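Taking it in order: structure first as structure tokens, then the write-up.
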Amino acid sequence: MPELPEVETVRRSIAPHAVGRTIERVKVNLPGMVKGCEITYLTDNIIGKEIKRIDRRGKFLLLRLSQGYTLVVHLGMSGRFYYAGEEPYGGFPKHTHVLFLLNDGGFLVYNDPRRFGRINLCRQPEKEVSAIRLMGPEPLGNSCTMDYLRDELKKRRGKIKQLLLDQNLIAGIGNIYADEILFDACIHPERSGQSLTPLETARLFQSIRRVLNQGVRHRGTTISDYVDGRGVPGEFQKHLKVYGREGEPCSVCASEIQRIRVAGRSTYFCPVCQCLEQGKGSEGD
DNA sequence: TAAATCCTGTCA
DNA sequence: TGACAGGATTTA
């Protein structure tokens with residue numbers, strides 16, 4: 001579910017209810033969701049800590065706690081992380097795996113039907129969590145420059161769609177936004193990254209920033225599961241140009257949107273706007 | 001580089 | 001009943 005815009009929206013919507021609060025109790029219903037540290041380490045050390053700040057790195061939420069601890073949360077494919085002012089009548093929903101009771105009587109709720117997510121407590125996530133350690137720059141930050149993108153595309157192999165999904169190249173892009181970015185940049189998802197012309201690389205760079213910013217502005221994309229930190233769905237699904245639109249007319253040229261499989265993922269594109277031969281050098285991949 | 005894997009839920 | 005789903009890691 002959650003890509004950069006969704007995780008960023010969760011961060012922003014949860015912060016007003018969590019920052020400044022203290023974690024009074026923690027309840028782990030499904031021990032398997034705690035990965036990367038011992039459960040007892042988490043439960044023993046998190047009690048009494050104040051949530052000082054909430055950061056995001058790629059698709060990770062980082063809850064900075066007092067005394068140097070960080071609660072690391074990844075939502076996987078179907079995870080939800082939200083604030084609830086009180087326990088709902090009839091109890092928390094199915095698949096609520098971890099609960100944090102705050103000192104205002106509210107809860108931070110971690111719910112994940114497919115269990116692909118993870119939670120752990122550590123002191124230096126940027127060093128201890130390898131996915132974060134190896135992660136590429138933030139596409140909406142200053143460290144991700146066009147020069148960086150051009151140089152990386154030059155040395156990597158593979159299709160551009162797959163490269164956009166690689167968190168070690170650029171952090172936070174997932175299947176929906178990769179397709180929307182490539183449509184915005186008029187680049188076929190199966191083009192090899194190395195074959196992009198300087199002009200196309202420049203377009204891609206702009207499209208990454210533009211589309212992700214749009215996603216954040218519309219508070220994320222809700223296809224089915226995703227809700228923000230207060231349980232509110234996003235709006236960007238109303239603005240998707242290609243993702244999930246197989247067979248529908250392209251909003252630009254009215255050609256039928258196609259669906260293919262790239263790197264094991266469903267991939268939607270316009271065969272005319274994103275022509276495979278556009279600016280193509282020679283090779284395939 | 002691709003496919004299998006971890007899971008449950010939903011839809012055709 | 002089978003295919004597929006917003007992710008990431010492991011394996012062949």
Side-chain angles (χ1 to χ4, degrees), chain A residues 1-11 29-36 56-61 72-82 93-98 110-120 125 129-136 155-182 189-194 211-212 214-216 218-228 233-247 259-268 283-285:
Chain A
M1 147 201 52
E3 308 180 31
L4 186 153
E6 290 75 37
V7 179
E8 176 63 19
T9 302
V10 170
R11 186 190 75 77
N29 295 322
L30 188 66
M33 298 311 299
V34 178
K35 301 165 190 171
R56 178 191 56 74
R57 180 75 175 94
K59 300 171 189 172
F60 286 85
L61 282 172
V72 181
V73 178
H74 194 291
L75 299 175
M77 201 86 110
S78 58
R80 296 178 171 192
F81 191 58
Y82 62 94
K94 195 175 176 182
H95 305 301
T96 296
H97 303 315
V98 186
Y110 186 86
N111 181 292
D112 182 9
R114 292 179 69 182
R115 307 180 189 173
F116 289 168
R118 56 181 288 184
I119 284 188
N120 74 303
V129 179
S130 61
I132 298 179
R133 190 176 61 241
L134 302 172
M135 197 173 278
K155 52 183 150 171
R156 289 164 185 261
R157 302 151 35 133
K159 300 171 179 176
I160 189 61
K161 162 82 184 258
Q162 187 174 15
L163 293 173
L164 286 180
L165 293 175
D166 184 349
Q167 302 300 295
N168 299 341
L169 174 61
I170 299 175
I173 300 173
N175 204 36
I176 294 177
Y177 292 95
D179 284 3
E180 295 297 316
I181 287 165
L182 289 171
E190 291 187 294
R191 289 280 298 284
S192 83
Q194 292 175 334
V211 172
L212 292 177
Q214 285 170 356
V216 172
H218 290 96
R219 303 178 42 268
T221 303
T222 298
I223 304 289
S224 59
D225 292 314
Y226 165 73
V227 291
D228 74 4
E235 300 284 337
F236 195 60
Q237 66 279 5
K238 299 170 184 169
H239 303 273
L240 297 176
K241 302 271 182 59
V242 288
Y243 185 87
R245 297 197 176 280
E246 180 182 19
R259 177 165 74 132
I260 57 175
R261 197 156 279 275
V262 178
R265 317 294 301 276
S266 267
T267 298
Y268 301 85
E283 73 287 82
D285 26 349

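Chain A is the first sequence line, chain B the second, and so forth, proteins listed ahead of strands; every chain is numbered from 1. Given the structure is predicted, the values throughout are model-derived calculations rather than measurements.
Closest to the A:N175 side chain, of the nucleotides C:dG7, B:dT8, C:dC4, is C:dG7. For A:R265, the side-chain atoms get nearest to C:dG7 when compared with the rest of C:dA8, C:dC4, C:dG7.
No hydrogens or angles considered: nothing links the side chains of A:E3 and A:Y226 as a donor-acceptor pair under 3.5 Å.
Atom-to-atom, CZ of A:R157 to P of B:dA2 comes out at 10 Å; the value is rounded to the nearest Å. For A:E190 and B:dT1, the CD to P distance is 15 Å, given to the nearest whole Å. When the C1' atom of C:dA8 is taken as reference, atom CZ of A:R57 falls 16 Å away, rounded to whole Å. The nearest whole Å value for the distance from the NZ atom in A:K161 to the C1' atom in B:dA2 is 15 Å. Rounded to whole Å, the distance from CE on A:M33 to P on B:dC6 is 15 Å. Taking atom CZ on A:R133 and atom P on C:dA8, their separation rounds to 16 Å, with Å as the unit. What separates CE of A:M77 from C1' of C:dC4 is a distance of 9 Å, to the nearest Å. If you measure from atom CG of A:D179 to atom P of C:dG7, you get 10 Å, rounded to the nearest angstrom.
The phosphate of C:dA5 (OP1 or OP2) has a side-chain N or O of A:R259 nearer than 4.0 angstrom. Look at A:R118 and you won't find any side-chain N or O under 4.0 angstrom from OP1 or OP2 of B:dC7. The phosphate of B:dT1 (OP1 or OP2) has no side-chain N or O of A:Q162 nearer than 4.0 angstrom.
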Contacts under 3.5 Å, N or O only, protein and nucleotides 9-12 of chain B:
residue, atom, partner, partner atom, Å
B:dG9, OP1, A:K94, NZ, 3.1
B:dG9, OP1, A:H95, NE2, 2.6

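A heavy-atom distance below 4.5 Å is not found between the side chains of A:R245 and A:Y268. Taking the side chain as every heavy atom from C-beta outward, A:R261 and A:S266 approach each other to under 4.5 Å. You'll find the side chain of A:L75 stays beyond 4.5 Å of the side chain of A:K59, heavy atoms only. Side-chain atoms of A:F60 and A:V72, non-hydrogen and from C-beta on, do get closer than 4.5 Å to each other.
Among the protein residues, A:G264 comes within range of no part of the nucleic acid, since none of its heavy atoms lies under 4.0 Å from any strand. A:T222 comes within contact range of at least one nucleobase, with a heavy-atom separation under 4.0 Å. Contact annotation for A:A131: backbone-only contact, meaning every heavy-atom pair under 4.0 Å involves sugar-phosphate atoms and none involves a base. Nucleic acid contact class of A:Y243 (heavy atoms, under 4.0 Å, all strands): sugar-phosphate only.
Heavy-atom minimum distance, A:S78 versus A:P113: O-CD, 3.4 Å.
Per the stacking criterion (ring centres < 5.5 Å, plane angle < 30°), A:F116 does not stack onto the base of B:dC7.
Straight-line distance between the C1' atoms of B:dT1 and C:dA5: roughly 23 Å, to the nearest whole Å. On the P atoms, C:dT11 is 15 Å away from B:dC7, given to the nearest whole Å. Comparing the P positions of B:dG9 and C:dT9 gives a spacing of 25 Å, expressed to the nearest Å.
Note on A:D179 versus A:K161: salt bridge recorded, some NZ/NE/NH1/NH2 to OD/OE distance being below 4.0 Å. At a threshold of 4.0 Å, the pair A:D228-A:R219 counts as salt-bridged, since one of the basic side-chain nitrogens sits closer than that to a carboxylate oxygen.
A distance-only check finds no donor-acceptor pair linking the side chain of A:N168 to the backbone of A:G136 [under 3.5 Å]. Using modelled atom types, one side-chain atom of A:Q194 and one backbone atom of A:R156 make a donor-acceptor pair closer than 3.5 Å. With hydrogens and angles disregarded, no donor-acceptor distance shorter than 3.5 Å links the side chain of A:H218 to the backbone of A:H239.
Counting only Watson-Crick or G-U wobble pairs whose defining distances are both under 3.5 Å, the stems of 3 or more consecutive pairs in DNA chain B are B:1-6 with C:7-12, B:8-12 with C:1-5.
Between A:S130 and A:I223, the residue anchored nearer the 5' end of DNA chain C, judged by the nucleotide with its closest heavy atom, is A:I223.
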